[in-house]
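All remarks here apply to the structure that follows.
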Number of protein chains: 2
Amino acid sequence: MPTIRDVAERAGVSVTTVSRVLNNRGYISEATRRKVYQAMEELDYQPNEVARSLFRKRSNIIGLIVPTVAHPFFAELTAYVEAYAYARGYKVLLCNSELDASKEQEYIWMLRRNQVDGIIMASHTLEVEEYKKLSLPVVTFDRFISNRIPYVTSDNYQGGKMAVELLLQRGCRKIAHMCGSLDLDMLANQRHRAFMDVAEERQVPYFTVETDINVFEMGKYEKLLEDLLTQEPEIDGLFLNSDIMAIAAMKVCRKLGKRIPEDMKIIGYDDVSLASLVSPQITSVRQPLAEMSELSVKLIEDLVEGRRVQVENCLPVELMERETT
Amino acid sequence: MPTIRDVAERAGVSVTTVSRVLNNRGYISEATRRKVYQAMEELDYQPNEVARSLFRKRSNIIGLIVPTVAHPFFAELTAYVEAYAYARGYKVLLCNSELDASKEQEYIWMLRRNQVDGIIMASHTLEVEEYKKLSLPVVTFDRFISNRIPYVTSDNYQGGKMAVELLLQRGCRKIAHMCGSLDLDMLANQRHRAFMDVAEERQVPYFTVETDINVFEMGKYEKLLEDLLTQEPEIDGLFLNSDIMAIAAMKVCRKLGKRIPEDMKIIGYDDVSLASLVSPQITSVRQPLAEMSELSVKLIEDLVEGRRVQVENCLPVELMERETT
DNA sequence: CAACATATGTCAACCGGTTAACATATGGGG
DNA sequence: CCCCATATGTTAACCGGTTGACATATGTTG
């Protein structure tokens, strides 16, 4: 690999001059600039970003921690984050926590050792305290840590509300909500809050199915739902906390001979592309993932630049009614 | 951020000694080791990996270039690559080429500037020549570049053969294959080779639908398939090059009132988790993604370590028969 | 002609580690 | 008592850029 010294020698100028060209600072004549660029070309030179990062104390790398990129929601999130990061000159170091606290912790340490400029946390397996300790810029996704750590979220309460109201409007008399663990104080729990509020207000009997501490296992979802629907065969409306869960629900209904949407209305969450791919297309509450991702990257950048940022960043959701309601 | 000097001072030893502890080299007494570790703990010290990378000329970062991680196949691939990389002490820098040649090229340059140890290329928008020029370790996914660049693939010919044979065995009389552009010399094209070979051998009429240069657009798939099936209503068997395409096919069939599998047999490819999630569950040719990913990481590692590696790494595929055939 | 903008060079320090070379000290084994 | 393994320190160079301080030279302008 050629170094800046090789370039300087080849172009017949000093190292300082090459650095000046590279960084566009100080006075440089067109002629010299051309000579330098030509030398770089000839040597196929590319500046060593590791050396630059060391000096600048800036790596232009963002660490992204997700539970697993194999999950469609996080895959889409990751794709968006990557796109915006790229557009702003950042690179993305991808970390899948696999919902394993120790892996997540190790990843956090690793990211710090590697001097990433900031971390976008979309996996939350650790105690809130652990996140508070972090000394580098962090933006969380859908979780409040402290009012020193900005977070990006969408209007979960409104999303839950719209979902239940749609179910009721479509005539459901007995409904259920399936969600992740409610022990963790995730913002997504507001969906359940809304679900209960509306159900109670309208005096509609309701059930809650809490999955274990964040599992993404299809089999588990199906089992839980099948148990629920056999025990409570009168349930005619399901609100699921993800589209994947909604697909599980559709499968179970098919198995139990319940027609969708005639016998059972189903509404998912996130509106991943999958939701409109399957048949019937899933009614879902859409989170503005693109905007949320863009905002996360922007927040990291603002933090790095030392700009003041808003702690709460809540974007609106949208109900996408399709064929399952 | 504390430095190694701060640690040395606090522990009352020299920088060299701290470095010795950190890297486990030379003689170190237990007492000193403890003192050093304690100082690190107290200072919350973590070695700066950027500085280390600079000196070692090793970043322990692998660049992964995929068309887009939002596509389930690449999302799963990415998840596996990440897991194996993590297990072996590597980090993953994620790059989505979005099938844009210039973005892919820029990413390659970026990865080089950032001194990644190697690149796993699962996106192939550039000319073969461009890849040959790369001076750093590269492993490609499903594409042959030259016999200096190892590649990981699965038995595409066999996969195509099994797919068509299953269709015929299930009684199809007129079949079609939908695939990406056949102009690029992708190894996946062997599936089409096999498709034609078998169809001709058995004298079954067949059709080919080539999508444009690698699009991942659902709408496009549906349009192409709908056109085909309205023009050739007698087609009763479809072999699709991905499970996403298979889902598009199912949608079109539903629209045209063709029952699956009675009126139309469908077989996808990859066996992403989606394939067994939707209803009816998709019959698909399974690529051993986990093994392929593991192998890719291992190959990069071997190349980095200067070990000899095999150029062709072809793993077996498996037919997963489900409900669409 | 003085003053200043433009253009380039030299030199050295710095970013935060790593390492080789060499010095020094201690304690145990033969 | 000598030799050697063990343990630690000192010093300096190095990885590949960046930057500030300062020197120098040329050309332009009022």
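Every chain is numbered from 1 and lettered A, B, ... according to where its sequence line falls, protein lines coming before strand lines.
Checked against C/dA7, D/dT19, D/dC15, the side chain of A/S29 finds its nearest nucleotide in C/dA7. The side chain of A/A51 lies closest to D/dG16 when the candidates are D/dG16, D/dT19, C/dG16. In this structure, of C/dA20, D/dT18, C/dT18, it is D/dT18 that holds the atom nearest to the side chain of A/L22. Distances were taken from every side-chain heavy atom of B/S19 (C-beta onward) to each of D/dG16, C/dT18, D/dT8; the shortest belongs to C/dT18. Listed candidates were C/dG17, C/dC15, C/dG9. Nearest to the side chain of A/R20 is C/dG9. Taking only side-chain atoms of A/F55, from C-beta outward, the nucleotide of D/dG17, C/dT18, C/dG16 with the closest atom is D/dG17. Nearest to the side chain of B/N23, among C/dA5, C/dT19, C/dG16, sits C/dT19.
Between A/T16 and C/dC11 there is no side-chain N or O to OP1 or OP2 distance below 4.0 Å. A sub-4.0 Å separation between OP1 or OP2 of D/dT18 and a side-chain N or O of A/R52 is present. Not one side-chain nitrogen or oxygen of B/Y27 sits closer than 4.0 Å to the OP1 or OP2 atom of D/dA7. Regarding contacts with the backbone of D/dG17, a side-chain N or O of A/Y45 is found under 4.0 angstrom from either OP1 or OP2.
In this structure, CG of B/L43 is placed 12 Å from P of C/dG17, rounded to the nearest angstrom. As rounded to whole Å, 19 Å separates atom C1' of C/dC14 from atom CZ of A/R58. Between B/E49 atom CD and D/dC15 atom P the separation is 20 Å, expressed in whole Å. What separates CD of B/E9 from P of C/dG17 is a distance of 14 Å, to the nearest Å. The distance from atom CD of B/E30 to atom C1' of D/dA7 is 13 Å, rounded to the nearest whole Å. Between the CZ atom of B/R113 and the P atom of D/dT18 there is a distance of 12 Å, given to the nearest Å. To the nearest angstrom, C1' of D/dG9 lies 14 Å from CD1 of B/I4. Taking atom NZ on B/K57 and atom C1' on C/dG17, their separation rounds to 14 Å, with Å as the unit.
Counting non-hydrogen atoms under 4.0 angstrom, B/S14 reaches a base of the nucleic acid. Residue B/T3 is in sugar-phosphate contact alone, with no base atom involved, counting any heavy-atom pair closer than 4.0 Å across all strands shown. Backbone-only engagement by B/V13 is indicated by non-hydrogen atom pairs under 4.0 Å involving sugar-phosphate atoms exclusively.
For B/R5 and C/dG17, a side-chain-to-base donor-acceptor distance below 3.5 Å is present, hydrogens and geometry of angles not being considered.
Taking the six-membered ring where the residue is Trp, B/F73 and B/H71 present perpendicular rings, their angle passing 60° and hence far from 30°. Classification of the A/Y107-B/Y86 ring pair by plane angle, with boundaries at 30° and 60°, yields tilted.
In this model, no donor atom of one side chain and acceptor atom of the other lie less than 3.5 Å apart for A/T16 and A/S19.
In terms of position on DNA chain D, the residue among B/R33 and B/L54 whose nearest nucleotide sits closer to the 5' end is B/R33.
Under a 3.5 Å cut-off, the side chain of A/S293 and the backbone N or O of A/L289 do form a donor-acceptor pair. At distances below 3.5 Å, not a single donor-acceptor pair connects side-chain atoms of A/K91 with backbone N or O atoms of B/L111.
Put simply, the side chain of A/V297 does not reach to within 4.5 Å of the side chain of A/Y80, judged on heavy atoms.
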